[in-house]
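Working notes, beginning with the structure itself.
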Amino acid sequence: MKNVLYALIIIMIVLVIIFLRKALQPANQSLEHKQVTPPSHPVILLMIDSLMNEPLQKAVKEGRAPAFKFLMEHGHYYPNVISSYPTMSVTIDSTLLTGTYSDKHQVPGLVWFDETQKRLVNYGSARAEVFKLGIKNVMEYILYCLNHSHLSNDVETIHEALDKIGLQSASINALVYRGNEKMILRPPKALSKLNLMPKFQVQTPFLFSYGALAQYHPKNNQNNQPWKAFGFNDKFTAEELKYFIQNRKLPSFTIAYFPDLDKNVHKEGPIHPINGIEKVDKELQEILNVYGSWDKALKDAVWIVMGDSGQAEVGKDKNRSLVELRSILDSYKIHDVKEPVKEDDQIVLGLNERMAFIYNLDQNITIEEIVKHLKQDERIQIIAWKNGTNVNAVAGGKNGVFTFRPDGEYTDEYDQSWFLNGEYSILDLSINEKLVGYGVYPDVLARLHSSLHSHSGNYIIVDAKPGFEFVSEGTPTHPGGAAHGSIHKQDSLVPMIVTGTSTKPEHMRIVDLKPWILHLLRQGTDKQNNIVEKRFD
């Protein structure tokens, strides 16, 4: 009986794939009608999901990453660039493109609760959770809302800033991409008939490639099939970028997103994802080969190759490593993700792997009461919430409270000033004559403060220790592998390789990359740049 069921499931999957393959004809675009102004020295940013320093160094040492080695030897290598928080791709990409943390760009995480709409927002965390929330809802969030209603209009993306000064840009498979060009994302006929995806008018950079929904390379169809994540894979990204270069259509700035390594790290753990790095390196080799020689590639463009977040190991013992927040908070009425938020729901959970938002909907329950339950679990490294203008932080299994807010007498290495009071050790801070030093939680004050001011609501942030991740109904789990999301340095530090310039960002944080990239592209063009040049030279 079991074998029959397996056979039936396989047949159904095959039928769905065949059906979708016929229905998902790619939205091909023509480069011929795009009048690209040839830049003198374009900037190409390759974002490699979950690229980390230690396995990258290992792959290079073993001779399995010649392209990475070449770039490192002919450029500058920065092993510890600080990501944003939570360390989830949509929030990180929003920080990269806007040069702000989430209190300004307002994309809180992969999963969060929209208080104004009374809806749990999920940009696509795991299949089970997506099905429970509704495929149509998730597709609307990721294809439209993320860039056009959630990403704040009060911040400006790199693409928008470049357009203002007459420079063109491109985005290949980046989830956050907002620009000034208007385009219609049309659903495949089958999805339209099933009412799973309406058409959306989106704002894109000058050149916009987005998996099966928007591509330029006419022979890239083999890489955008359903079983290849509809084009959201490394090969598709590489082929699109190569096509731009081969056809001399490379704009001033291009961001290209390589997602495949992330899956490898989630499965194998953070220490030895060498096979995944080797596969990415082969794509990098092909891209560099388009120039005829690798030396010419470095001469013709500025290359920035970097990761977006790290990952921390998750223990193999599910009973220990998977932190069930529903069990910890079982005395409350917790929202069921399959249902709309109800009037008697007291708590909504927004889980981002090793970080979570816990929303208190009941005015009769205090945040402090919920915190007492959470503090009993020593697997939770940080519990934080707003208290007026202050942020309070405690640690699971520990006594004491730490309080902080901006604009005080203490200063950190990023020229940020803070009021501090209480147990510094909760956030692993060191204080030396009013100077703040960070330990295992890089830039924790700014990143934690921004996350607690990223959207409206009465909520708590919880962060798991390395070795653990938060789980609930339908959320992804990675026992024996790795996960990210937390503020710990294992999740937060990423390597970056830069060639073609001796300048560098003001600080080694992703939030500082935007002004540096704009400097690289507009140096010497206006009076404002004269100030910027002094900062970066």
Side-chain angles (χ1 to χ4, degrees), residues 85-86 108-109 111-113 115 120 125 129 312 314-315 317-337 339 341-388 390-404 422-423 425-428 441 444 448-449 451-452 454-475 477 479 483 485-488:
Y85 179 70
V111 183
W112 57 281
F113 178 63
E115 183 185 48
L120 188 66
S125 60
E129 197 169 26
V314 177
D317 183 354
K318 294 181 181 180
N319 294 325
R320 174 67 178 157
S321 64
L322 304 183
V323 183
E324 291 270 6
L325 286 176
R326 285 181 173 271
S327 298
I328 298 172
L329 303 173
D330 62 358
S331 59
Y332 301 105
K333 175 70 167 57
I334 300 176
H335 163 246
D336 184 341
V337 297
E339 304 288 341
V341 175
K342 299 176 181 177
E343 287 188 11
D344 62 341
D345 284 336
Q346 297 174 302
I347 285 179
V348 175
L349 299 176
L351 273 62
N352 292 268
E353 295 186 17
R354 294 189 0 87
M355 175 270 194
F357 297 109
I358 300 173
Y359 299 87
N360 177 17
L361 307 186
D362 192 333
Q363 294 182 354
N364 296 317
I365 302 172
T366 66
I367 287 288
E368 287 76 12
E369 179 184 329
I370 299 171
V371 168
K372 285 182 181 179
H373 291 277
L374 297 167
K375 271 195 69 178
Q376 295 174 16
D377 198 312
E378 61 181 15
R379 297 172 295 179
I380 300 176
Q381 63 183 1
I382 295 173
I383 305 163
W385 67 100
K386 287 184 290 187
N387 182 15
N390 292 331
V391 170
N392 286 353
V394 297
K398 288 185 179 181
N399 295 321
V401 181
F402 178 66
T403 300
F404 70 95
E423 296 292 334
S425 62
I426 289 172
L427 297 184
D428 198 31
Y441 310 127
V444 62
L448 192 56
H449 185 273
S451 191
L452 281 164
S454 60
H455 58 301
S456 63
N458 187 23
Y459 60 90
I460 302 165
I461 283 177
V462 288
D463 217 64
K465 292 179 179 178
F468 307 100
E469 71 175 324
F470 298 112
V471 296
S472 186
E473 49 180 334
T475 59
T477 60
S486 95
I487 208 162
H488 194 277

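Please read these numbers as outputs of a predicted model, since none were measured by experiment. Residue numbers run from 1 in the order of the sequence given.
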Qualifying residue, where the test is side chain to side chain contact (heavy atoms under 4.5 Å, CB included) with Lys375 and the options are Ile370, Val394, Ile380: Val394
Can you tell me if CG on Asn399 sees more than 12 non-hydrogen neighbours from other groups inside 6.0 Å? no
Can you find a pair of side-chain heavy atoms, one from Phe468 and one from Arg320, that are under 4.5 Å apart? yes
More than 12 heavy atoms from other groups under 6.0 Å of CD on Glu378: no
Expected output: side-chain Arg354 to main-chain Lys465 donor-acceptor under 3.5 Å: yes
So, for Arg379 and Leu322, which heavy atoms are closest and what is the spacing to 0.1 Å? NH1-O, 3.6 Å
Closest contact, heavy atoms only, Leu448 versus Ala384: CD2-CB, 3.9 Å
Taking side chain as C-beta onward, heavy atoms only, is Val462 less than 4.5 Å from Val323? no
Search all heavy atoms of Ile426 against all heavy atoms of Ala393 and return the closest pair with its distance. CD1-O, 3.6 Å
How about Thr403 and Asn392: does a side-chain donor come under 3.5 Å of a side-chain acceptor? yes
May I ask you to test the Phe113-Val341 pair for a side-chain heavy-atom distance under 4.5 Å? yes
Distance check, rounded to the nearest 0.5 Å: His449 atom NE2 versus Leu452 atom CG? 8.0 Å
Quick one, Tyr85 and Asp463 - any side-chain contact, counting heavy atoms below 4.5 Å? yes
Using atom types as modelled and distance alone, determine if a side-chain donor or acceptor of Asn458 lies under 3.5 Å from a backbone N or O of Ile367. no
How are the rings of Tyr441 and His488 set to each other: parallel, tilted or perpendicular (split at 30° and 60°)? perpendicular
Any idea which heavy atoms bring Pro108 and Pro86 closest together, and the distance? O-CD, 2.9 Å
Would you call the rings of His455 and Tyr459 parallel, tilted or perpendicular if under 30° counts as parallel and over 60° as perpendicular? parallel
Contact check, side chains of Asn352 and Phe357, non-hydrogen atoms, under 4.5 Å: yes
Are any side-chain N or O atoms of Glu469 and backbone N or O atoms of Glu353, one a donor and one an acceptor, separated by less than 3.5 Å? no
So, Tyr332 and Glu369: side-chain donor and acceptor under 3.5 Å apart, yes or no? yes
Taking the side chain from Ser321 and the backbone from Gly315, do they hold a donor-acceptor pair closer than 3.5 Å? yes
Rounded at 0.5 Å granularity, tell me how far CG in Asp345 sits from CG in Leu361. 7.0 Å
Kindly indicate whether the side chain of Ile382, heavy atoms from C-beta on, has any atom under 4.5 Å from the side chain of Leu427. yes
To the nearest 0.5 Å, tell me how far Leu329 CG sits from Ile347 CD1. 4.5 Å
With a 4.5 Å limit on heavy-atom distance, are the side chains of Val371 and Trp385 in contact? yes
Interatomic distance, CG@Leu349 vs NE2@His335, rounded to 0.5 Å, equals 9.5 Å
Work out which heavy atom in Gln346 is nearest to a heavy atom in Ser331; give both atom names and the distance. OE1-O, 4.5 Å
Can you measure from CG (Asp377) to OG (Ser327) and round to the nearest 0.5 angstrom? 10.0 Å
Asn319 backbone acceptor or donor facing Asp317 side chain under 3.5 Å: yes
Any idea which heavy atoms bring Glu115 and Ser456 closest together, and the distance? OE1-OG, 3.0 Å
Nearest 0.5 angstrom please: Leu374 CG to Leu325 CG, how far? 7.0 Å
Ser451 versus Met355: any side-chain heavy-atom pair under 4.5 Å? yes
Between Lys333 and Glu339, is the closest basic N to carboxylate O distance under 4.0 Å? no
